[in-house]
Amino acid sequence: MVNLSDLFARNGSACRPWPRVSVSEAEWSALCAELAAGRLTLSALFGDSATVHMALLDETTGRLALASLPCPAGAFPSVARHHPPAARLERTIRDLFGLTPLGAPDDRPWLDHARWGVRAPLGAASPDAGAGAAYPVLPVEGEGVHQIPVGPVHAGIIEPGHFRFSAYGETVVRLEARLGYVHKGLEALMAGRTQEEAARIAGRHSGDATVAYALAFCRAVEAARGVAIPERAHALRGLMAELERLANHLGDIGAICNDAAFALMLAHCGVLRERVLRASARAFGHRLMMDRVVPGGVAQDIPTDAIAGVKAMVAEVRRAFPALVRLYDETASLQDRTVGTGFTKPEYVRQFGAGGFVGRASGRPFDARRALPYPPYDRLPFEVPVRTDGDVNARVWVRIREVEESLGLIIRLLDTLPKGDINVPVPAGGGEGVALVESFRGDVFAFVALAADGRVRRAHLRDPSWFQWQLLETAIEGNIVADFPLCNKSFNCSYSGVDL
C-alpha cells in the first residue's frame, strides 16, 4: 500500500506542505486503490507532454502531495476505473495531451467536440470521418421514458452547456451534462509567459472567482521560489477574497429565489451585491478586483477613505440582510420549492471530494482556509457552517451563514490591517509549487512549474466545479424537470472553469 506519508518520506521534505514524487505504474495503481477506499481525496488530475500528475489530499493530516507518472508510451492506468470522479479529468487529459487512460470506463471526448481532427471520437473510423459525429449520450430505457435536450445555447446570458434529460412524465430519471464548448486554450496561453502575464490569464479562468484564481496561482509561484510576501499583502488578499465571496453569495441567494419565482429576493439581494461591488471598486479600483493579486503581493493598496467605505457597506448589509433571511425562511411557497429539492447524498459528496457550499450542505466540512490554513486565515477565527440535509434549502443556508462570517472577517481584517509594503519582487529562477485556495464555490487547486528564467513552463488550475457538475446530475434525479433551474443555481457550477 502506498500512502501520502510514504510520498513525503521519499521526497525527503516532511516540513514542506506539497511534495512531488515520480511513481511507478504499480504505485500509481496503489494510490488509485487508496482513492477508491476513501482514504485519500482526489484534488486534481492533469497531463503534461509525456507525464500525468495526480494531486492527492489526506484530509486527516491536511497534507497535499503530487504523484507524477511518466508515460513514455503515451498511456497510463485509468484512475476512473477505480475512482469515478476522475472520469472527466481523464477525458480532458486525452483531448489536450493525447495520453490514453487504459481501462477507462468512459472513452468519449470532453473538450474535443469532434471538430479538432486530433483523434476519432467513439465509433468513428478516423479523425476526418469523426468530424461532426453524434455524441453518444448515456442510454436510458423504459416504457414512457423520453428525452428533453436543452442547450448548449440558452436564453439567458450564460455560457454554453448541453443538458440531456431523460424523463418519465415530469420526473427526471437521468440527467447528463455535456460541457467544454468554449476551448480557450488557457494552459497553452500561460506556457512561456512571465509570471505577471500568466497571473492575468489565471484570473480569467472563471471571472466570478478571479481573486481566488489569481491567489492560487500566485501562492503556487511564491511556493516555487520560496518567497515570503509582506503581512499587509496577505491581509489585503484576504480582504479581496472575502469581498468576492460576499458579492457572489448575495447574488446567488437572490438568484436561487428568483428561480423559484420569488423575484423580490433577487431585487433586494441584487442591491446589496451592487453595494459590495461598488465598495470593492473604491477600495481596489475594479469591481471584481481583477488583476489586483500579483506574484509577490498585491498591485494596489487600499486608500484610507475606502476603508471607511467598506465598513459602511458592511454596516448596510448587516442592517438589511437579517430581514431578507426572515423573508426567505418565512415564505411558505418559497420553502415548498427549496426544502427537500435537489438532495445530494453525503456519500457522493465524500467520494467526489466536493467542496464549497455543495459539500458543506451535505455534511463535508472541508474548507481550504481551515484544512490547509494559509495567511491571513491562519490567524483569523471564523466558523465553517455545515448542514446535513443536502437540499437546495441547505445550500442556501450555508451561503447565508457564510455571508455573516465574511462580514465579520472583513471588519477584522480592516481593524488589524498591518502597516508596511504591499509586494516584494519574485526573483527569477526555476522551481515548482502548488496551492489550494478557497473560492466562494469551493477549493481551487494550482500547480506551477517555472523555467530557469522565471517564466511559466507549465501551469494547471482546477476549478471546484469539476467535482460538482457530476453531483448536480445525481441531485436532480427524482425531481421534476421544472426544478432543474432551481437545483442548477443552488450548485452554481462554473462553465468557464471546466472549459480549458
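Keep in mind it's a predicted model, so treat the numbers as computed, not measured. In this chain, residues are counted from 1 in sequence order.
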### Task
Report the distance from atom CG of L57 to atom CG of D443, rounding to the nearest 0.5 Å.
8.0 Å
### Message
For a 4.5 angstrom cut-off between non-hydrogen side-chain atoms, does Q195 reach V426?
### Response
yes
### Message
Show me the pairs that pass side chain to side chain donor-acceptor pair (under 3.5 Å) and involve residues 349-365, at least two apart or across chains.
### Response
E59-R364, R360-E402, R360-E438
### Query
Heavy atoms, side chains only, cut-off 4.5 Å: are S43 and L436 in contact?
yes
### Message
Walk me through whether D378 and R369 qualify under salt bridge (Lys or Arg N to Asp or Glu O under 4.0 Å).
### Response
CA-CA 8 Å; D378 54 352; R369 297 172 297 172; over 6 Å; no
### Query
Is there a salt bridge (Lys or Arg N to Asp or Glu O under 4.0 Å) between R337 and D483 once you walk through the steps?
CA-CA 8 Å; R337 294 293 306 280; D483 277 338; 2.9 Å; yes
#### Entry: For the student: nearest non-hydrogen atoms of M240 and V293, plus distance
CE-CG2, 4.1 Å
### Message
Taking the side chain as everything from C-beta on, heavy atoms only, tell me whether V434 gets closer than 4.5 Å to R219.
### Response
no
### Query
Between S494 and S465, does any side-chain donor sit less than 3.5 Å from a side-chain acceptor?
no
### Task
Would you check if the side chain of H113 reaches a backbone N or O of L179 as a donor-acceptor pair within less than 3.5 Å?
yes
### Task
Indicate yes or no: does E242 engage R237 in a salt bridge with an N to O separation below 4.0 Å.
no
#### Entry: Candidate pair W28 and V52, rule side-chain contact (heavy atoms from CB on, under 4.5 Å), full reasoning
CA-CA 10 Å; W28 179 271; V52 64; 3.6 Å; yes
### Query
Mind checking whether Y377 and F382 have parallel, tilted or perpendicular rings, split at 30° and 60°?
perpendicular
#### Entry: Enclosure of R225 CZ (heavy-atom neighbours >12, cutoff 6.0 Å)
yes
### Message
Please check: side-chain N/O of D389 versus main-chain N/O of D391, any donor-acceptor pairing under 3.5 Å?
### Response
no
### Message
Can a side-chain donor-acceptor contact be found between N393 and Y328 if the only test is distance below 3.5 angstrom?
### Response
yes
### Query
Side chain of E196, backbone of V294: donor and acceptor closer than 3.5 Å?
no
### Task
Report yes if the side chains of H268 and L324 come closer than 4.5 Å at any heavy-atom pair, otherwise no.
yes
### Query
Under the 3.5 angstrom rule, does the side chain of W469 hit a backbone N or O of A177 as a donor-acceptor pair?
no
### Query
Considering residues, nucleotides and ligands other than K345, do more than 12 of their heavy atoms fall under 6.0 Å from its NZ?
no
### Query
Between H249 and R273, does any side-chain donor sit less than 3.5 Å from a side-chain acceptor?
no
### Message
Let's go through T344 and R395 carefully: what are the C-alpha distance in whole Å and the side-chain angles of both, what is the deciding distance for side chain to side chain donor-acceptor pair (under 3.5 Å) to 0.1 Å, and is it a yes or a no?
### Response
CA-CA 10 Å; T344 306; R395 291 186 283 276; 3.2 Å; yes
### Message
Side chains of S490 and N488 only: does a donor on one sit below 3.5 Å from an acceptor on the other?
### Response
no
### Message
Less than 6.0 angstrom from the centroid, inside 45 degrees of the normal: does R174 satisfy that with respect to the ring of F165?
### Response
no
### Message
One thing to verify: whether D106 and R91 come together as a salt bridge, which I'm taking to mean a side-chain N less than 4.0 angstrom from a carboxylate O.
### Response
yes
### Task
Indicate whether any N or O donor in one side chain lies under 3.5 Å from an N or O acceptor in the other, for R232 and H234.
no
### Query
Got F321 and L250 here, is their nearest side-chain heavy-atom distance under 4.5 Å?
yes
### Query
Hey, mind stepping through L42 and L89 against side-chain contact (heavy atoms from CB on, under 4.5 Å) and telling me if it holds?
CA-CA 11 Å; L42 181 64; L89 297 168; 4.2 Å; yes
### Message
Using 0.5 Å steps for rounding, measure from the CD1 atom of I256 to the CG atom of L334.
### Response
10.0 Å
#### Entry: salt bridge (Lys or Arg N to Asp or Glu O under 4.0 Å) assessment of R88 paired with E473
CA-CA 14 Å; R88 292 178 178 179; E473 295 178 354; 2.5 Å; yes
### Query
Is D291 paired with R204 through a side-chain N to carboxylate O contact shorter than 4.0 Å?
yes
### Query
Given the side-chain rings of Y135 and W110, with only the six-membered ring counted for Trp, is the space between their centroids under 6.0 Å?
no
### Task
May I ask you to say whether D48 pairs ionically with R457, meaning some side-chain N is under 4.0 Å from a carboxylate O?
yes
### Message
With heavy-atom distances below 4.5 Å as the criterion, would you say the side chains of L372 and F366 are in contact?
### Response
yes
### Message
Whether the side chain of E176 engages the backbone of F163 through a donor-acceptor N/O pair (distance < 3.5 Å, no angle test) should be reported.
### Response
no
### Message
Between R292 (side chain only) and M290 (backbone N and O only), is there a donor and an acceptor less than 3.5 Å apart?
### Response
yes
### Message
Check the orientation of H460 and F445. Use parallel for under 30°, tilted for 30 to 60°, and perpendicular for over 60°.
### Response
tilted
### Task
Starting at OG1 of T416, measure out to CG of L380 and round the result to the nearest 0.5 Å.
6.0 Å
### Task
Rounded to the nearest 0.5 Å, what's the gap from CZ on R458 to NE2 on H53? Could you check?
6.5 Å
### Query
Roughly how far, to the nearest 0.5 Å, is the CZ atom of F447 from the OG atom of S68?
6.5 Å
#### Entry: Side chain R63, main chain L56, donor-acceptor under 3.5 Å
no
### Query
Does T92 reach the side chain of F97, with side-chain heavy atoms less than 4.5 Å apart?
no
### Summary
Heavy-atom nearest pair, A209 first then S439, reads CB-CB, 4.3 Å
### Query
Which heavy atom of A394 sits nearest a heavy atom of G390, and at what distance?
CB-N, 3.6 Å
### Message
Run V339 and V392 through side-chain contact (heavy atoms from CB on, under 4.5 Å) and show every step you take.
### Response
CA-CA 6 Å; V339 175; V392 172; over 6 Å; no
### Task
Indicate yes or no for a side-chain donor-acceptor contact from E477 to the backbone of V172 under 3.5 Å, with no hydrogens or angles considered.
no
### Message
How close do A435 and A216 get, counting heavy atoms only, and between which atoms?
### Response
CB-O, 3.4 Å
### Task
Look at the side chain of Q468 and the backbone N and O of A354, then say whether any donor-acceptor pair between them is shorter than 3.5 Å.
no
### Query
Take atom OH in Y348; do more than 12 heavy atoms of anything else shown fall under 6.0 Å from it?
no
### Task
Using a strict 4.0 Å threshold on nitrogen-to-oxygen distance, state whether E197 and R200 make a salt bridge.
no
### Query
Would you say the side chains of E244 and T210 form a donor-acceptor pair under 3.5 Å?
no
### Query
Which is it for M265 and N258 under the side-chain contact (heavy atoms from CB on, under 4.5 Å) test, yes or no, and what are the steps along the way?
CA-CA 7 Å; M265 282 288 288; N258 187 58; over 6 Å; no
#### Entry: Nearest-0.5 Å distance, CE of residue M313 to CG of residue L243
5.0 Å
### Message
Taking E383 first and then R401, would you say they form a salt bridge - that is, a charged N and a carboxylate O separated by under 4.0 Å?
### Response
no
### Query
Are I93 and P101 side-chain neighbours, meaning at least one heavy-atom pair lies under 4.5 Å?
no
### Query
Counting distance only, does the side-chain N/O of H286 pair as donor-acceptor with the main-chain N or O of L288 below 3.5 Å?
yes
### Message
Can you pull out every salt bridge (Lys or Arg N to Asp or Glu O under 4.0 Å) where at least one residue sits in residues 249-258? Sequence neighbours excluded, please.
### Response
D252-R399, D252-K489
